[in-house]
Amino acid sequence: MFKLPDLPYGYDALQPTISSETMRLHHDKHHAKYVETVNTLCSKEQLTPDSLESLILEARSSRQTKLFNNAAQAWNHAFFWSCMTPDAHPLDGELAAQIAQAFGDVKGFKDKFVQEGEGHFGSGWVWLLATKEGLVVRSTHDGENPLGQDGATPLIACDLWEHAYYVDYRNDRKAYLGAWFDKVADWRFAADQLAAAKGGEVWRYPAPAGGPALRRQA
Ligand code: MN3
């Protein structure tokens, strides 16, 4: 069984950029429902995955759409909570250097990230990815995520679904993206992901409890 991870900060910690009302709905209702549905589907199909990551890859390759969408959304949201902090720190170090290489400078990167997110039609996510060709900004539809896609490592992601911003920004996705980038995006987390992409432990969803590991001991 996969657990819904707690937020790494309080519901009100990201105010005024993101209200506690949004965080409560987003974490306790939307994210919780994805995790619950994954567990229900796993029980029904008698699946005992070692990790959410392996389940996502398996569900994608076997075209189990409902399982994939819910597993990927469970992962994306936990990743997203880790991509934000009440204690935001400017972009610097190796991450800033690679951003300069790919986008000219931080402003060029912000413009690209916000434009990609604003221009993305419908629900999805906007990502900064580390690829073999350097850093890229990419958006994905609905629950889709970059795991297992051409070796890209996600460094940071922003939720483009309306539930992520409608309470606070109504239809102004661009304002949401700009404030998110400037005020709450955790560039230290992104920098850690970049370092890990070169040989280390990238972020992973908490391992399922009561799963295969327990049975192996029996
Ligand atoms: Mn969401």
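Checked against the 6.0 Å centroid criterion, the rings of H27 and H77 do not qualify as a close aromatic pair. Ring centroids of Y176 and W161 are separated by 6.0 Å or more, keeping the two rings apart. Ring pair W180/Y165: centre-to-centre distance not below 6.0 Å.
Using a 30° and 60° split on the angle between ring planes, H141 and H120 fall in the tilted class, from 30° to 60°.
Other cluster members for L25: V167, joined by side-chain heavy-atom distances under 4.5 Å among Ile, Leu, Val, Met, Phe, Trp and Tyr. In the hydrophobic clustering, where aliphatic and aromatic side chains (Ile, Leu, Val, Met, Phe, Trp, Tyr) are joined below 4.5 Å either directly or transitively, F121 stands alone.
Proximity of C83 to D186: side-chain heavy atoms (C-beta onward) are nowhere separated by under 4.5 Å. Between F113 and V126, the closest side-chain pair of non-hydrogen atoms falls below 4.5 Å. Using a 4.5 Å cut-off on side-chain heavy atoms (C-beta onward), F181 and F109 make contact. A heavy-atom distance below 4.5 Å is found between the side chains of L55 and L47. Residues K112 and V136 form no side-chain contact, since every pair of their non-hydrogen atoms from C-beta on lies 4.5 Å or further apart. Under the 4.5 Å side-chain criterion, counting only non-hydrogen atoms from C-beta, L147 is in contact with W75. Contact check for F189 versus T85: no side-chain heavy atoms found under the 4.5 Å cut-off. Side chains of C158 and L177 form a contact here, defined as non-hydrogen atoms less than 4.5 Å apart.
Of the possible polar contacts, one joining the D168 side chain to the S19 backbone as a donor-acceptor pair under 3.5 Å is found. The main-chain N or O of G143 is found under 3.5 Å from a side-chain atom of N76 such that the two form a donor-acceptor pair. Formation of a donor-acceptor pair under 3.5 Å by the N39 side chain with backbone atoms of F2 is found in this model.
Annotation: ring-ring contact (aromatic ring centres under 6.0 Å, His included) contacts involving residues 38-61, sequence neighbours excluded, are absent.
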- Task: Give the intermediate values and the outcome of side chain to side chain contact (heavy atoms under 4.5 Å, CB included) for residues H89 and W187.
- Result: CA-CA 6 Å; H89 188 268; W187 302 113; 5.9 Å; no

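Taking a 6.0 Å sphere around NZ of K183, one finds it holds 12 or fewer heavy atoms contributed by other residues, nucleotides or ligands.
Salt-bridge formation is not detected for the pair E162/R173: no Lys NZ or Arg NE/NH1/NH2 atom is positioned less than 4.0 Å from an Asp or Glu carboxylate oxygen. One finds no salt bridge joining D150 and K132 here, because no Lys/Arg side-chain nitrogen approaches an Asp/Glu carboxylate oxygen to under 4.0 Å.
For Y11, there are no ring-ring contact (aromatic ring centres under 6.0 Å, His included) partners, not counting sequence neighbours. Scored by the salt bridge (Lys or Arg N to Asp or Glu O under 4.0 Å) test, D172 finds no partners at all (sequence neighbours excluded).
Of the residues D192, L129, L135, the one that meets the side-chain contact (heavy atoms from CB on, under 4.5 Å) test with L155 is L135. Test W81, Y34, Y166 against H26 for ring pair (Phe, Tyr, Trp, His ring centres under 6.0 Å) and you get one pass: W81.
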Compile the donor-acceptor pairs under 3.5 Å between side chains in residues 196-210 and protein atoms, sequence neighbours left out, one pair per line.
| from | atom 1 | to | atom 2 | distance (Å) |
| --- | --- | --- | --- | --- |
| K198 | NZ | E94 | OE2 | 3.4 |
| W203 | NE1 | S82 | OG | 3.3 |
| Y205 | OH | K3 | O | 2.6 |

